[in-house]
Amino acid sequence: MPGTGDLLSRVSIGRISEVIVDQVRMLIRQGQLVAGNRLPSERELCERFGVSRVTVREALRVLEANGLVEIRVGARGGAFVTAPSSRLVGEGIVDLISLATISAVEVTEARMVFELGIVPLVCERATEADISALYQICDQSRAALEGDYPLELSAAWHTRYAAAAHNRAVSMLVESLHEPLVRSLERARKTAPTHGRHGVEEHRLLVDAITERDVEAATELMRTHLRRTADRVATTEDSVLSE
C-alpha cells in the first residue's frame, strides 16, 4: 500500500514487538489500514521502526495470531490486513467466561436482549434463502430427536436466525456467542434432560411466523423459547450456589 510506511514511527521503549503491534492495531482501528491493505516488507518495517528483522517477525506473528493480518508467501506475498473474525471474538468471550466467571444466566440474558430485539428486523428482511435454511435446520433437528439430540443444532438455528437480520454487527455478536450459547444450553439440560427437544418445534413455529412477517407472534414465541432456557439455567446455578 503506497504511503503505508509513512504512518509508522520508530520505537524504542518497552517490549519493542508489542509497541509495533499496538501501532498497527491503532491504524486499523482508525481506518487508515483496511482489509486487503499490504503492510510494507520486512526490510521496510525494520528500517521504519529501527529494529531487527527478528523483532518485526515476532510482531507479525502476534498480529497474525490476533487475526489482524494474514501472512502470504510467494512473489506477491507479505502481510495483509484481514477482515474482522467473529470466531476470534467468540474464542475471547469463552476465555472471558472461564476466567472472569461470567455466568450462563448472563449469557442467556444477553441472548434475550439480542434475539428478541432483532425479531422485527428478521421478519422484515428474511429472504427465501434465509427461511429455507432455517426450515432445513428444523428438519435436521427433528430427525436428530430419535437419538441423543445435539445442542449444536439449536445453536446453529439461532446463529442462522441472527444472520437473517442482514446486519453484520448483529451477526458478528451472535456468532461470537456460539460457544457460550452451547455451554448455557448444556447447563440448562442438567436441570431438564430433555431440554432442547421442545425447542425444536418452537423453532419451526418461529420460522412460520417469520414467513408470515408476523412480528407479534414471532416475538411472543421467542420470548417463551428463551425464557424456558433462562429459568432452567437459573435453577441450575441456584442449586450450585446452595451446595
Sidechain-backbone polar pair: Asp231 side chain, Arg228 backbone, donor-acceptor under 3.5 Å: no
Arg111 and Val174: CA distance, side-chain angles, deciding distance, side-chain contact (heavy atoms from CB on, under 4.5 Å) verdict: CA-CA 8 Å; Arg111 290 183 59 208; Val174 174; over 6 Å; no
By salt bridge (charged side-chain N to carboxylate O under 4.0 Å, His left out) - contacts of Arg76 (at least two apart): none
Pairing residues for Ala144 by the side-chain contact (heavy atoms from CB on, under 4.5 Å) criterion, not counting sequence neighbours: Tyr149, Pro150, Leu153
side-chain contact (heavy atoms from CB on, under 4.5 Å) assessment of Thr127 paired with His166: CA-CA 9 Å; Thr127 64; His166 293 277; 3.9 Å; yes
Listed partners of Arg160 passing salt bridge (charged side-chain N to carboxylate O under 4.0 Å, His left out), at least two apart: Asp130
Cationic N near anionic O, under 4.0 Å, Arg189 to Glu186: no
Residues Thr108, Leu226; criterion side-chain contact (heavy atoms from CB on, under 4.5 Å); working and verdict: CA-CA 8 Å; Thr108 306; Leu226 295 176; 5.6 Å; no
Rounded distance [0.5 Å steps], CG in Leu185 versus CZ in Arg232: 11.0 Å
Partner set under side-chain contact (heavy atoms from CB on, under 4.5 Å) for Glu152, not counting sequence neighbours: His178, Glu179, Val182
Presence of salt bridge, Arg43 and Glu47, under 4.0 angstrom: yes
Any pair counted as salt bridge (Lys or Arg N to Asp or Glu O under 4.0 Å), so long as it reaches residues 21-30, sequence neighbours left out: Asp22-Arg25
Qualifying residues under side-chain contact (heavy atoms from CB on, under 4.5 Å), relative to Ile28, sequence neighbours excluded: Val24, Leu33, Leu68, Val81
Verdict with supporting geometry, Arg223 and Leu116, side-chain contact (heavy atoms from CB on, under 4.5 Å): CA-CA 7 Å; Arg223 180 178 290 109; Leu116 276 175; 4.0 Å; yes
Atom of Val233, atom of Ser184 and distance for their closest heavy-atom approach: CG2-O, 3.5 Å
Sequence-distant partners of Arg72, salt bridge (charged side-chain N to carboxylate O under 4.0 Å, His left out), two or more places apart: Glu70
Counterpart residues, side-chain hydrogen bond (donor to acceptor under 3.5 Å, both in side chains), relative to Arg57 (two or more places apart): Glu42
Salt bridge (charged side-chain N to carboxylate O under 4.0 Å, His left out) partners for Arg61, two or more places apart: none
Parallel, tilted or perpendicular: rings of Tyr161 and His158 (30°, 60°): perpendicular
Listed partners of Gln30 passing side-chain contact (heavy atoms from CB on, under 4.5 Å), at least two apart: Met26, Leu27, Gln32
Contacts of type side-chain hydrogen bond (donor to acceptor under 3.5 Å, both in side chains), residue Ser17, not counting sequence neighbours: Glu58
Pairs involving residues 206-216, ordered by first then second residue, that meet side-chain hydrogen bond (donor to acceptor under 3.5 Å, both in side chains) (sequence neighbours left out): Tyr135-Asp208
